[in-house]
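To find a chain, count down the sequence lines: A is the first, B the second, and so on, and within it residues start at 1. Not measured: the values here are computed from a predicted model. Just so you know, these numbers use all the heavy atoms, side chains as well, and skip hydrogens, waters and symmetry mates.
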Number of protein chains: 2
Amino acid sequence: MVTRTRRTEALSRERIVEAAVEVLDEAGENGLTFRVLTERLATGAGAIYWHVANKGELLAAATDAVVAAALAVEPAEPPEGVRAVALNLFVAIENHPWLATQLSAQFSRSPWGAVAPRIFESVGRQVRALGVPEDSLFTAGSALVHYILGAAGQNAANTANARALGPGIDRAGFLDTVSKAWEGLDPDDYPITRALAKQVRDHDDREQFLAGVDLVLAGITAVHALDK
Amino acid sequence: MVTRTRRTEALSRERIVEAAVEVLDEAGENGLTFRVLTERLATGAGAIYWHVANKGELLAAATDAVVAAALAVEPAEPPEGVRAVALNLFVAIENHPWLATQLSAQFSRSPWGAVAPRIFESVGRQVRALGVPEDSLFTAGSALVHYILGAAGQNAANTANARALGPGIDRAGFLDTVSKAWEGLDPDDYPITRALAKQVRDHDDREQFLAGVDLVLAGITAVHALDK
DNA sequence: ACCTGAACACCGTTCAAGT
DNA sequence: ACCTGAACACCGTTCAAGT
């Protein structure tokens, strides 16, 4: 029988972040605690704090690791590239729903961190390739990034909510619930929202997301009088 | 000397929510605890739980109260109305930075709640007034709402971060810090972000925000071939 | 019906002590 | 240098007991 050391590899920041991502994927942000992490890594709390300053830094590192992987493949040429980058982020957020909250936290709390530049760089590169003048890059890029993160976060939440509602309820079932709730609103106060209820029920998420991306792109094109 | 009862008014859900908003404004989301709340209301924890199911419900109620107030005044006519609604939300989030996180939480976690319909209704009404066809209202409205919440949240975070960095540091000082950090990035990996650094430092927030709103509106107009 | 406040389970973080 | 794990302060929530 082979003798094993307690852990195959020594503890490292990398291994801790890796484990954190796994826990986040399985149990969400509230599920990530130092106790769960110490068990999974077969270590003590102090050991984790030797490699990572605190929980915030751990979440930032986990977020950056996932985002870096999602943006690693530089996608297609200019016209189609924006959509590709947007969709890569959309899928990453869909697969790691906790990303949505974390991304806005990283953008807000520490724009000097690693995550924000990474995303700005990928999106900005594509936006510039469209022909947007240098001094409008920030406005155009910001608008696009805000839309992407918001819409992708909404999509991820829908999936997560459906799962949380019960194993029998799928995504369509969840959206149906929302739709019904909106249809039950007061007709005098909420005429528009009631009318939107149908569209909430029927919409395809990816299609809807890309339609929004196209809409923002159309705005960028129009404002800067670019060729399509 | 007048005899007073312990509290001027009896405890009520309304009074609790009101106190919660005050604490959130003064100390942020982490500053809102049941202990702080019980002290301020001169009561016990159980009393609060009699009126409110849990902390989540309290946050939802606080969010709804502030949003309802911000959207209470129905603004100008169609063309200018969208900007007015957007700016109302922008200002509300600026004055209550915790709103940014809470709004995306409410949209994600409980779109059937009170907050999401309220915002969709205000924004949707204005978007429809632009002439957007009924079956595109959801796409157009969602895109605009995502942009508004994202950009306003970013602005609020900048203000809050500046305050947190120290009393001597104002907003310009904070943006300068971010700008410097971006300028220090690797020129090979982050050419665009480095170029954006200047614009981060110089931008006026409200102007920037409205430029983004106009960009999304231009997209809506272009996609639906509306008159300007 | 409405409120009190001690108690519970759990959390992030620290730190003296080990190797 | 790296790790252990008990201890600390704090948190949301519950609940038997009061009025």
Query raised in the report: Which whole-number value in Å describes the distance from H51(B) NE2 to dT13(D) C1'?
Result: 16 Å

Requested in this report: Starting from P on dC2(D), measure out to CZ on R13(A) and report it in whole angstrom.
Outcome: 14 Å

Report task. List the atom of E94(B), the atom of N155(B), and the distance in Å for their closest heavy-atom pair. Result -> OE2-ND2, 3.2 Å

Report task. Could I get the full list of side chain to side chain contact (heavy atoms under 4.5 Å, CB included) partners for A70(B), not counting sequence neighbours? Result -> A92(B)

**Report entry** Any donor-acceptor N/O pair, S110(B) side chain to G113(B) backbone, under 3.5 Å
**Finding:** no

**Report entry** side-chain hydrogen bond (donor to acceptor under 3.5 Å, both in side chains) pairs, two or more places apart, involving residues 183-197 of chain A
**Finding:** E183(A)-R201(A), T193(A)-E121(B)

Query raised in the report: Looking at the side chain of A10(A), which of dC3(D), dC3(C), dG12(C) is the nearest nucleotide?
Result: dC3(D)

Report task. Round to the nearest Å and state the distance from Y49(A) atom OH to dA17(C) atom C1'. Result -> 19 Å

Report task. For G46(B) and for K55(B), locate the closest nucleotide of DNA chain D by heavy-atom distance; then report the residue assigned to the nucleotide nearer the 5' terminus. Result -> K55(B)

Report task. For L11(B) and dT4(C), give me the distance from atom CG to atom P, rounded to whole Å. Result -> 8 Å

Query - Backbone N/O of L175(B) and side chain of S179(B): donor-acceptor pair under 3.5 Å - result: no

Query raised in the report: Rounded to the nearest Å, what distance is computed from the CD atom of residue E57(A) to the P atom of nucleotide dG12(C)?
Result: 15 Å

**Report entry** Pair assignment for DNA chain D - dot-bracket with | for other-strand partners, Watson-Crick or G-U under 3.5 Å
**Finding:** ||.|||||...|||||.||

Query raised in the report: Do any N or O atoms from the side chain of Q199(B) and from the backbone of F138(A) form a donor-acceptor pair under 3.5 angstrom?
Result: yes

Report task. Could you work out which one of dT13(D), dC3(C), dC3(D) sits closest to the side chain of T43(B)? Result -> dC3(C)

Report summary line: Of the candidates dC3(C), dT13(D), dT13(C), the side chain of A45(A) sits closest to dT13(C)

Report task. To the nearest Å, give me how far apart CG (L58(B)) and C1' (dC11(D)) are. Result -> 15 Å

**Report entry** Pairs flagged by ring pair (Phe, Tyr, Trp, His ring centres under 6.0 Å) wherever residues 148-187 of chain A is involved - sequence neighbours left out
**Finding:** F174(A)-W112(B), W182(A)-F120(B)

Query raised in the report: For the residue pair F90(B) and F209(B), is the inter-centroid distance of their aromatic rings smaller than 6.0 Å?
Result: yes

Report task. Starting from C1' on dT13(C), measure out to CG on N54(A) and report it in whole angstrom. Result -> 9 Å

Requested in this report: Would you jot down, in residue-number order, the residues of residues 18-40 of chain A having a non-hydrogen atom under 4.0 Å from DNA chain C?
Outcome: L32(A), T33(A), F34(A), R35(A)

Query raised in the report: What residues form a side chain to side chain donor-acceptor pair (under 3.5 Å) with D64(A), not counting sequence neighbours?
Result: R118(A)

Requested in this report: Give a yes/no on whether any side-chain N or O of W50(B) is located under 4.0 angstrom from OP1 or OP2 of dC3(C).
Outcome: no

